[in-house]
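Written out below as structure tokens is the structure these notes cover.
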Amino acid sequence: MTFENGADFQEELVVIDDPAAGLSGVIAIHSTTLGPAAGGCRLWHYDGTADLARDAVRLARGMSYKNALAGLPLGGGKAVLRRPPGEFDRTALFHAFGEAVARLNGRYVTAEDVGTSVADMKLVRERTRHVAGLDALPGRAGGDPSSWTALGVFEAMQAAAGRRFGRSLHGMTVAVQGVGNVGAGLCRLLHAEGARLIVADTDARRVARLVEELGAESCGVDEIAAVPAQIFAPCALGGVLNDRTIPLLQAKLICGAANNQLATDEDGAALMRRGITYAPDYVVNAGGIINVSAEYLGETSQQVRARVGLIAARLISILREAEDSGSPTNRVADALAARIIADAMPGAGAGAAATRVVAPPVRPPLVFAPATG
Ligand code: NAI
């Protein structure tokens, strides 16, 4: 399969089908060039197999790019499973899925994603060791990734604000959409730095807590994208940057944790035309995957901290390249990720060295967590 950037490394699409267990779906392996293809397992309603497979391929490529730009020794993959109608036997389904993952002999590493949970992944681990996103092991990183995600977004925002506004976050106004696990953590870091906060969430209790704890202002969920703030931090849903919201934005910098913030690729160009700096979501929200994969790679919290610490510099390289080339930041990030992967392929040319300067991959030895299956 060839993608728009010319990179051609969709490796494998494995159809998994076990009617007795209620299992039906695919595992898409986009690339194993940098390491095992890592990406979560989505359980969702799909009508046709073509839709499901298309989603899996698109999401697997997204994971390749995210892992490459996070400097992880991992490729990209994704499992997408059709949610059986009505009540179903989760144990049977995730045991069968674990067996499908095991048959790939480590080419694909799974984790939780939309529609799956830690409990499901514990069932998967009864059948294969190639699963992450479980509890931290003693002395190792792991567990809840949200605080790492918030830290990476915060440090990226600090760096981008310095570049865009020539000043620190102190005294700047940041509008945060969604104050769940990541958004609330980000607000606390911003407050400690002296930033002013405007927050919105569909959960009024979460908003009330931050108003009381941090003196944040609040506004309605339909207003947050358009409030007077220098920075907008989407930390709730995907698709929030679209043809309806982009004309309303007052912020000049967008930097947040939500996945797939751009409704379409073209919206990156629309932001650029409005003179708004967009920090590509998968670059700045990589703290979560860094922490989850550390559990699989057997890394410590110090190693996770070191990797998260590289996010801001990576973002600045992307912003600089976007300015120099006049291209939208999302396209620059995609092209850089594709280049990192292509340069690591056997027989890659001299470009590899140049790429590594931009995004130095940290390559610890692969040490696998003990597994039951
Ligand atoms: P969460 O579920 O803890 O928080 C999301 C918050 O958004 C909730 O408080 C929810 O009430 C609120 N919300 C939902 N719809 C909203 C709307 N229309 N307007 C305003 N608020 C709304 O999720 P979490 O873990 O904080 O993740 C936030 C985003 O970051 C998600 O898009 C997630 O995919 C992404 N992300 C999270 C990572 C992590 O480590 N947790 C890692 C990478 C990305």
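One-based numbering, in listed order, for ligands and for the atoms of each.
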Is [X] reaching over with its side chain to a backbone N or O of [Y], donor-acceptor style, under 3.5 angstrom?
| X | Y | answer |
| --- | --- | --- |
| Arg107 | Ile29 | no |
| Asn260 | Gly239 | no |
| Tyr46 | Val80 | no |

Practice task
Show your reasoning for whether salt bridge (Lys or Arg N to Asp or Glu O under 4.0 Å) applies to Arg125 and Glu295.
Solution key: CA-CA 13 Å; Arg125 192 164 65 179; Glu295 189 185 324; 5.4 Å; no
Exercise for the section: Evaluate the side chain to side chain contact (heavy atoms under 4.5 Å, CB included) criterion for residues Glu11 and Thr33: first the C-alpha distance (whole Å), next the side-chain angles of each, then the deciding distance (0.1 Å), finally the verdict. Expected result: CA-CA 10 Å; Glu11 289 181 11; Thr33 299; 4.2 Å; yes
Report the nearest protein non-hydrogen atom to [atom]: residue, atom name, distance rounded to 0.1 Å.
| atom | answer |
| --- | --- |
| atom 28 (C) of ligand 1 | Cys235 O, 3.2 Å |
| atom 36 (N) of ligand 1 | Ala257 O, 3.6 Å |
| atom 3 (O) of ligand 1 | Asn181 N, 2.9 Å |
| atom 19 (N) of ligand 1 | Val221 CG1, 3.5 Å |
| atom 40 (O) of ligand 1 | Thr149 OG1, 2.6 Å |

Pick, from [options], the option with the minimum heavy-atom distance to [atom].
| atom | options | result |
| --- | --- | --- |
| atom 13 (N) of ligand 1 | Leu237, Asn259, Val207, Thr202 | Thr202 |
| atom 8 (C) of ligand 1 | Lys66, Arg206, Gln261 | Arg206 |
| atom 31 (C) of ligand 1 | Ala184, Ala236, Pro145 | Ala236 |

Problem - N/O separation below 3.5 Å, Val182 to ligand 1 - result: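 It does: an N or O of Val182 is found under 3.5 Å from an N or O of ligand 1.
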Exercise for the section: Determine, using the 4.5 Å side-chain heavy-atom cutoff (strictly less than), whether Ile290 and Leu189 are members of one ILVMFWY cluster. Expected result: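 Yes, Ile290 and Leu189 fall within the same hydrophobic cluster.
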